[in-house]
Number of protein chains: 2
Amino acid sequence: MADEDELRILLQRVARRIRSNRADGTMSDAKLGVLFRVEHEAASPGSLAERERVTPPSMNRTLNTLEQAGLVKRAPDPDDARKVVVSITAAGRELIAETRRLRTAWFSHRLAELTAEERAAFDTLVPVLRRWAEL
Amino acid sequence: MADEDELRILLQRVARRIRSNRADGTMSDAKLGVLFRVEHEAASPGSLAERERVTPPSMNRTLNTLEQAGLVKRAPDPDDARKVVVSITAAGRELIAETRRLRTAWFSHRLAELTAEERAAFDTLVPVLRRWAEL
DNA sequence: TATTGTTATACTCTATAACTATA
DNA sequence: TATAGTTATAGAGTATAACAATA
């Protein structure tokens, strides 16, 4: 069995290494996280706060910054006037695409260096990681 | 082949999940990072700033907080009066031990749920992750 | 002069408490 | 009354610029 401590620490360091590839050095994890969330589906400020595990006021501030930068936009919910719908803009999509391109480039190069056995090992672990990420 | 994007994103989410296990909710990553650094070997503020990739003033502020909390101590360098040596205290060691224990507990439970094949896959990937972490 | 550490100041992200509008 | 969003205010971490002490 591999050393548990080492495996755990390695996962954190590799994740940090991946995260260091950013399209724009001024984009924080907080902002990028929200941008990635609303990329596929518009969401309310409250649900974004919950999924990013921050408080509603904190999320509100992040949304203000993203909105001022033209990366997301707010719109009133047609069914419930209390609610707001946050969606991504074209500029937001472009920034995400660039960030993803850089991260993918680095990661693709790393994957390309692997043996067939190592690639297979990753395939085996994807369902495991998927479960853990949801906990 | 597994989806490269998903694998990359999952690694980040799992790392984040692991990181959320802290002995003391008030200990930030910044402070814990320094504490882990000086656990094995005393170091200067400047070298700590470099290895943690923050500026010297930022590191200085972190060290002030850790010192006030009694987790590290500063001492003059005997050879060069300009330099300072930062070392961990007994209280600092205790806090690290507790943090490590909690992280290990969560991760151990996750590993215990795996099949033999999944465990073997992790063993295969440890050398790979070790290489990536150093890049 | 160059190096090491620190102080001064400001900006971002986070939080708790309080307020507004709507259901 | 309860819910969704926001505003007010404060604490922690980070940065750049400037300063002090020593080599």
Side-chain angles (χ1 to χ4, degrees), chain A residues 16 19-20 22-38 41-87 95 99, chain B residues 12 16 19-20 22-38 41-87 92 95 99:
Chain A
R16 182 178 179 176
R19 199 164 49 239
S20 72
R22 293 240 177 75
D24 179 358
T26 68
M27 279 297 293
S28 65
D29 281 349
K31 292 179 207 162
L32 264 180
V34 172
L35 222 46
F36 274 101
R37 292 281 181 193
V38 297
E41 189 179 15
S44 70
S47 70
L48 288 170
E50 189 178 359
R51 284 187 281 173
E52 290 295 312
R53 304 194 186 199
V54 297
T55 59
S58 180
M59 177 55 62
N60 191 59
R61 186 165 202 158
T62 300
L63 291 175
N64 287 343
T65 309
L66 287 172
E67 194 175 36
Q68 284 170 8
L71 301 173
V72 305
K73 65 186 176 207
R74 285 182 173 102
D77 185 305
D79 299 329
D80 188 335
R82 292 174 305 180
K83 295 184 179 175
V84 166
V85 178
V86 180
S87 56
L95 192 145
T99 300
Chain B
Q12 294 181 273
R16 182 177 180 175
R19 199 163 51 237
S20 73
R22 295 240 177 75
D24 179 358
T26 67
M27 279 298 293
S28 65
D29 282 349
K31 292 179 206 161
L32 264 181
V34 172
L35 222 45
F36 275 101
R37 291 279 182 196
V38 297
E41 190 179 14
S44 71
S47 69
L48 288 170
E50 188 177 0
R51 284 187 281 173
E52 290 294 312
R53 304 193 186 200
V54 297
T55 58
S58 181
M59 178 55 64
N60 192 59
R61 189 167 199 154
T62 300
L63 291 175
N64 287 342
T65 309
L66 288 171
E67 193 176 36
Q68 284 169 10
L71 301 173
V72 305
K73 65 185 176 209
R74 285 183 173 101
D77 186 305
D79 299 328
D80 187 334
R82 292 174 304 182
K83 295 185 179 175
V84 166
V85 177
V86 180
S87 56
L95 193 144
T99 300

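The figures here come from the full heavy-atom set of this structure, side chains too, leaving out hydrogens, waters and symmetry mates. Order of the sequence lines sets the chain letters (A, B, ...), proteins ahead of strands, with each chain counted from 1.
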Side-chain N,O (B/R53) to OP1/OP2 (D/dT14) below 4.0 Å: no
Spacing of A/L32 atom CG relative to C/dC13 atom P, expressed in whole Å: 11 Å
Among B/V72, B/V54, B/V34, B/L35, side chain to side chain contact (heavy atoms under 4.5 Å, CB included) partner for B/T62: B/V34
A/R82, nearest nucleotide to its side chain (from D/dA2, C/dG5, D/dG5): D/dA2
Where at least one partner belongs to residues 57-76 of chain B, residue pairs that pass salt bridge (Lys or Arg N to Asp or Glu O under 4.0 Å), sequence neighbours excluded: B/E67-B/R74
A/S44 side, atom OG; A/D80 side, atom CG - distance, nearest 0.5 Å: 10.5 Å
Spacing of OG belonging to A/S47 relative to CZ belonging to A/R37, to within rounding of 0.5 Å: 9.5 Å
Distance in angstrom units between B/D79 CG and C/dT4 C1', rounded: 15 Å
Side-chain N or O of B/R74 closer than 4.0 Å to phosphate OP1/OP2 of C/dT6: yes
B/K31 vs D/dG13: side-chain N/O to OP1/OP2 distance below 4.0 Å: yes
From CG (A/L71) to OG1 (A/T65), nearest 0.5 Å: 10.0 Å
Point-to-point distance, once rounded to the nearest 0.5 Å, from CG of A/L63 to NZ of A/K31: 11.5 Å
Protein-nucleotide distance (B/Q68, atom CD; D/dG13, atom P), rounded to Å: 11 Å
Nucleic acid contacts of residues 55-67 of chain A, taken as heavy-atom distances under 4.0 Å to DNA chain C: A/T55, A/P57, A/S58, A/R61, A/T62
Contact nearer the 5' end of DNA chain C, comparing B/V85 with A/A81: B/V85
C/dC13 OP1/OP2 closer than 4.0 Å to side-chain N/O of A/S28: yes
Touch class at under 4.0 angstrom, heavy-atom based, for A/D77 against every strand present: nothing
Nearest-0.5 Å distance that lies between atom CG in B/N64 and atom CE in B/M59: 11.5 Å
For atom NZ of B/K83 and atom C1' of C/dT6, their distance in whole Å: 17 Å
Whole angstrom value for the distance that separates P of C/dC13 from CG of A/L35: 13 Å
